[in-house]
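Only this structure's heavy atoms are used, side chains among them; waters, hydrogens and symmetry mates stay out. Letters A, B, ... are given to chains in the order of the sequence lines, protein chains preceding strands, and every chain is numbered from 1.
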Amino acid sequence: MLESGHNTQNARQLLVMMERIRAFEEHAILAAERDRLVLGAIHPSIGQEACAAGVMAHLNRTDILLSTHRGHGHTLAKGADPLAMMRELLGRTGGCCGGKGGSMHIADFGVGMLGANGVVGANITIAAGAAHGIKILGQDHIVVDIFGDGAANRGPFLEGINWASVFELPILFVCEDNQYSATTRTGSVTGGPGVAARAEALGLRATQVDGNDAEAVARVSGEIIARLRGGGGPEFLHAVTYRHTGHTSFDPATYRPEGEAVKEIAASDPIARQRAALLAMGLGQDVLDGIHTAAQAEMERVLKDAAATPFPPDEAAFADVQDIGSPMQEAY
Amino acid sequence: MLESGHNTQNARQLLVMMERIRAFEEHAILAAERDRLVLGAIHPSIGQEACAAGVMAHLNRTDILLSTHRGHGHTLAKGADPLAMMRELLGRTGGCCGGKGGSMHIADFGVGMLGANGVVGANITIAAGAAHGIKILGQDHIVVDIFGDGAANRGPFLEGINWASVFELPILFVCEDNQYSATTRTGSVTGGPGVAARAEALGLRATQVDGNDAEAVARVSGEIIARLRGGGGPEFLHAVTYRHTGHTSFDPATYRPEGEAVKEIAASDPIARQRAALLAMGLGQDVLDGIHTAAQAEMERVLKDAAATPFPPDEAAFADVQDIGSPMQEAY
Amino acid sequence: MVMMTYIEAARLAVQQAMAADETVWCVGEDLGRGGVFGQYLGLQVEFGKDRIVDTPISEAAIMGAAFGAAMVGTRPIVEMRFSDFALCATDELVNQIAKARFMFGGQSRAPMVIRKPVGLWRSSAAQHSQSLESWYAHIPGLVVLCPSTPQDNYSMMKAAIACDDPVVYLEHKNIWGLEGEVDTSLEVEIGAASRRRKGEDVTIVSWSNTANLAVEAAETLAGQGIGAEVIDLRALWPWDKQMVLASVRKTGRLVVAHEAVRVGGFGAEVVATVAEHAGDALKGPVRRLGAPRSLVAYAPNLEDKMRVTADMIVTAAKETLMGAAGK
Amino acid sequence: MVMMTYIEAARLAVQQAMAADETVWCVGEDLGRGGVFGQYLGLQVEFGKDRIVDTPISEAAIMGAAFGAAMVGTRPIVEMRFSDFALCATDELVNQIAKARFMFGGQSRAPMVIRKPVGLWRSSAAQHSQSLESWYAHIPGLVVLCPSTPQDNYSMMKAAIACDDPVVYLEHKNIWGLEGEVDTSLEVEIGAASRRRKGEDVTIVSWSNTANLAVEAAETLAGQGIGAEVIDLRALWPWDKQMVLASVRKTGRLVVAHEAVRVGGFGAEVVATVAEHAGDALKGPVRRLGAPRSLVAYAPNLEDKMRVTADMIVTAAKETLMGAAGK
Ligand SMILES: Cc1ncc(C[n+]2csc(CCOP(=O)(O)OP(=O)(O)O)c2C)c(N)n1
Ligand SMILES: Cc1ncc(C[n+]2csc(CCOP(=O)(O)OP(=O)(O)O)c2C)c(N)n1
Ligand SMILES: [Mg+2]
Ligand SMILES: [Mg+2]
């Protein structure tokens, strides 16, 4: 967690986390494309790290997070072990889901990360319910639920947010808006003034933030989360950012207008911005380089170790389906 | 259709339609409770007739309507034959769905009524699609979709209205808000400022109207429908009214606060209000009584004729399922 | 032993489980007023609004939220009102609840009871009459229960609430008022069928309300000197293959009867399993009764065309006794 | 005759149908860029944005809106992307589309093709790998098609678009690139199976990609002197009982193989039907192959545990040839 107040230490922590997320995903892409070790699709969040770093900075281990198919960054920022995550992406023993979920279903219940989700928008009602459960149990954790701009067009957006609103649940919904739904400009299929207005119409206080500015995300989400911890009702955060890569690591994203990506990346890369901010605060270039190099080295090691881990034992194919009528007893 | 302008003739037509709807449903309830001829549940719209009469007054036969489980009034006002409707409620030959749908699935495609629906909210996406189809076919009809306040908490509300918004379809969504979802006060399970705000957040122009004032509903919906016919985008109408009966005809509605129904009915019954308005316009009490008596007589006859109609032939159980692989060829 | 109805039996089981365990709660539409059939009558007064939770008409959220709450340690009982409306929450049930534990490598559990009243119920027509139990039996991760008597609706509900797996709990709407003796000390093992009647001549396998019709049919057959063994599966996953196979090996004759559509119904699974594992024991043609592959109409005479009746079971039993295997 | 891939064959059929009939249109996410697998590549350029419609991520609305548009006289082709996501539109498909014509007494039609790519596809894990064809076969009102070759994906797509009933059209994701000759003049009757290989010793019934494995297995068996007749059902509703029963009467041996979970899979329906109507013709135990009732994991070795392979079909065929009926 960040110390309270806005200082160099916090700013530096944000950069460290963003560098680690990026390095993790760059290595995941290497693993997929260079090494052919990742067999399923991976959805990188490169360019979107500010949201993960800024929001998660305010969560305890016992707070709960749900995320999407594009959830590596959130999961890492929530405190998951990158080696367990990389093993998961490679489908190996010791992966955080035992190699059974892969990138799209990454989860680490030990740090309160209750799962990425392969179904767009499905996490919204589940997250509302996690907050409902917390309330029933009289616990004081909070829930953060992250989803993309595309999810705001699915029914569960309305049902889940209305639910949180009606039952006054301790939850922050974050729309991490990278402006694309797979290959489609989300704006072209989204009616009305936008996602924040939708959340407001369902009774939530909604806040808009520059999703490429880690400092701003951290500040604004810190305020919201403080309100939640103080017993406030559910809130909504809309953070606009940009997806540097294609939808999946294999997608060349040729559907983007010529030059858009180059321009957006130059203008808004959250890591570049955070570096600049830290330089302006007086940190040396060498310190920044050190952060970068350390993150890269960490994830290089992580990939190497993950690649050296064996695949899960075959019996795992029948484990953890159900207790009663389990395929462990009778597979067919 | 109403003549343009606000005049006694129109006001009288509205009353006639409301009296006919009420008489139809009163007789349907008699058929259910006194005669035990209606075997399934019926959901009366007694007290809510203003919406049916006021909105449908502006539709042509070729315009399209979709409705809910509480759709007798809308269907009748759209021009369906009450005898075919009553036969349907009694499950008889000559019912508008051949006795196969019953009250909850009443439909008369011949007058553009594409179906009531047993699933709350399901008609919203279907209606949007009907409007989409009309656009593809280059036709100039419009679509009206009516649903209850409870439907605004279902996912299809968001998906269907967003759809209409994105594709700029010729459709009017009407939320006929009787303040209850079965036995639950809808307000207690609905977050935020209300349904109109939800529709606005999805990009629709939304209008509020007193749903117990047939004149107001007719005026406001007339304006909206004129905009639709003029090529305007989809709109939303929120009409607040009150359900005089229980959720179904068998429901005593004991969950309502003591005295609420009596008070609401006294204050807001749309038929009483329309009668008063017509008296004020100078119509005689005898004329009003005549309208009432005629409606009652019509529906008494309708019930009698319907009750005298035979049940459908047994083969109908296998007809109209599908052409290929039909149970007509092989039932099992 | 007390006399009670099918609906009261389940209500008692829920009430006792809630009294015993604070993490058990119920969630669905109109529950505060007892639920649409009165399954929860009185429970909100006893347990309050935070444990008998009235919801918006949001099936996807009811299912999804209950799942989220189950993942953090509560034990929700989810009310879907009519099983038909549960189709509005199919992603939540099938892609989320059934898969989460496996996908997350065993990190999560979803101890939930998902109540979905099924079946034909006086002119309810095509959107309020379905029985889709075979769908759920096909989905790994789900337990599927179909009680047919007050005793079972008590004991199986208790077992379902105690179960750490998600349980699809299918009560039949037409027998809410069915009375029977209930021994509250009787425990049922999930997956154990109930031999409702012993017999040597023909095995009748059924479940849900059709099992009651099978018992009726067996009584008729007994009057004609035919001994029918009636096996009420009660659970479709896991299901009691052992009891069925043993019975068929004994009688050599099999009738399977259910209310759901015959094509793709769970009766096919039962017959196929017998064909695979006891095909050599069959002395007559197998008979599989279910609804025609048509829809449930509103008109009562048409609705009746979808019914499997006790008479039809009697006829099928006789056919399998008279005919040779195959036809 | 032209060589083309499975994906190209369907694209050609769609393109030709759209060119021939202005009321045919396609609706789904990302179609303008070709759809997630490229099934619609180039079509938006040819037919414009009003007929190749890019939608929001709103499966319920895609399905529901297409239905509404079908009711007013258009012929939509609905793209669900992965069959798994179609579960978000289950009410729309099952309670609305399948039932409307009947409920409304024949007043409406829903001429729709609902494309739901199914099946295992390189480490896609539990939410992107399902095959739920048995669900749809169980629902009155739906036609269910499962093409396995380029020719069939051309001819059956054409038949599906021409069909006035709603058609659930299940393409297998793993064979988009499968090449084969396509005769564009060849018409397929919906419900007619394809005898992919003749044989006298054992009948192998299959569909979708598993039918291709069955052909492979039959080749192996032929090398061992065993004549396997491979019947590719292609359609699960209606399905070609006649061809299957005639074949089993000839061979006396039956293996059914599919990729879906075995329990409650459509294989049960096939076996049960044979047991009922040709049980006396069986000379050996029936074998039914399908996935274990477990979930599809991401790790490739675990994913493989869910597969029915050509080898497994070979083994099953030999077992049914060697064993007595039953076991
Ligand atoms: C219900 C559902 N529909 C479609 C998909 C396919 N799909 C996967 S990611 C994606 C785009 C999601 O866009 P957004 O919500 O903005 O998230 P992003 O990918 O931009 O992070 C789509 C359409 C899905 N996974 N689930
Ligand atoms: C999806 C779904 N959930 C639940 C029901 C049961 N149900 C039927 S009517 C009704 C209340 C609907 O309230 P509202 O939309 O306000 O319409 P009203 O009955 O007031 O006309 C409910 C919950 C249903 N038919 N469909
Ligand atoms: Mg996005
Ligand atoms: Mg209402």
Side-chain angles (χ1 to χ4, degrees), chain C residues 59-60 84-85 87-91 93-96 98-99 102-103 125-127 130 132 134-141 236-237 256 260-261 263-282 285-288 291-295 297-298 324-327, chain D residues 59-60 84-85 87-91 93-96 98-99 102-103 125-127 130 132 134-141 236-237 256 260-261 263-282 285-288 291-295 297-298 324-327:
Chain C
E59 280 72 16
D84 312 74
F85 309 151
L87 300 191
C88 302
T90 309
D91 171 59
L93 179 64
V94 173
N95 285 331
Q96 311 296 334
K99 295 185 172 35
F102 180 89
M103 265 182 345
Q127 288 180 336
Q130 280 166 110
L132 294 178
S134 71
W135 275 28
Y136 305 114
H138 188 47
I139 302 299
L236 298 192
W237 194 264
V256 182
V261 165
V263 174
F266 197 74
E269 181 67 26
V270 175
V271 170
T273 301
V274 168
E276 289 169 300
H277 298 292
D280 54 344
L282 287 170
V286 173
R287 281 287 169 269
R288 180 165 56 115
R293 196 172 178 282
S294 187
L295 293 150
Y298 175 80
K327 83 163 193 187
Chain D
E59 279 72 15
D84 312 73
F85 309 151
L87 301 190
C88 302
T90 309
D91 171 59
L93 179 64
V94 173
N95 284 331
Q96 311 296 334
K99 295 186 171 34
F102 181 89
M103 267 182 343
Q127 288 179 336
Q130 281 166 112
L132 294 178
S134 71
W135 275 29
Y136 305 114
H138 188 48
I139 302 299
L236 299 192
W237 194 264
V256 182
V261 166
V263 174
F266 196 76
E269 182 67 27
V270 174
V271 170
T273 302
V274 169
E276 291 169 299
H277 298 293
D280 55 343
L282 287 171
V286 173
R287 282 287 169 270
R288 179 165 55 115
R293 198 173 178 281
S294 187
L295 293 150
Y298 175 81
K327 83 162 192 189

Do the non-hydrogen side-chain atoms of C:Val271 and D:Thr273 ever get within less than 4.5 Å of each other?
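Side chain of C:Val271 against side chain of D:Thr273, heavy atoms only: no contact under 4.5 Å found.
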Do C:Ile139 and D:Leu132 come close enough that some side-chain heavy atom pair is under 4.5 Å?
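Of all side-chain heavy-atom pairs linking D:Leu132 with C:Ile139, at least one is under 4.5 Å.
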NZ/NE/NH1/NH2 to OD/OE distance under 4.0 Å, D:Glu276 and C:Arg288:
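C:Arg288 and D:Glu276: salt-bridged.
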Keeping the roles fixed (side chain from D:His138, backbone from C:Val263), state whether a donor-acceptor pair exists under 3.5 Å.
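Here the side-chain-to-backbone pair exists.
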Could you tell me which of C:Phe266, C:Phe102, C:Tyr298 has the largest number of non-hydrogen atom pairs under 4.5 Å with chain D?
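Looking at each option in turn, the highest pair count goes to C:Phe102.
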Sort out for me which of C:Gly265, C:Ala125, C:Ala60 touches chain D most, counting heavy-atom pairs under 4.5 Å.
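Heavy-atom pairs under 4.5 Å are most numerous for C:Gly265.
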Minimum heavy-atom distance between D:Val261 and C:Pro140, given as atom pair plus value:
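Scanning both residues completely, I find the closest heavy atoms to be CG2-CG, 3.7 Å.
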Minimum heavy-atom distance between C:Ala126 and D:Lys99, given as atom pair plus value
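The answer is O-CE, 2.7 Å.
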What part of D:Ala291 gets closer than 4.5 Å to chain C, counting heavy atoms only: side chain, backbone, both or neither?
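Looking at D:Ala291, nothing touches chain C.
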Answer with side chain, backbone, both or neither: which region of D:Glu59 has an atom nearer than 4.5 Å to a non-hydrogen atom of chain C?
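Neither the backbone nor the side chain of D:Glu59 comes within 4.5 Å of chain C.
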When only pairs under 4.5 Å are counted, which of D:Gln96, D:Arg293, D:Glu269 shares the most heavy-atom pairs with chain C?
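Ranked by heavy-atom pairs under 4.5 Å with chain C, first place is D:Arg293.
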Among D:Val256, D:Asn95, D:Asp91, which residue forms the greatest number of heavy-atom pairs with chain C at distances under 4.5 Å?
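Top option by heavy-atom pairs under 4.5 Å: D:Asn95.
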At a heavy-atom separation under 4.5 Å, does C:Ala297 approach chain D through its side chain, its backbone, both, or neither?
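Looking at C:Ala297, backbone and side chain both touch chain D.
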Between C:Tyr136 and chain D, which part of the residue has a heavy atom less than 4.5 Å away: side chain, backbone, both or neither?
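For C:Tyr136, backbone heavy atoms alone lie under 4.5 Å from chain D.
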Going by the angle between their ring planes, with limits at 30° and 60°, are C:Trp135 and D:Trp135 parallel, tilted or perpendicular?
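Because their plane-to-plane angle is under 30°, the rings of C:Trp135 and D:Trp135 count as parallel.
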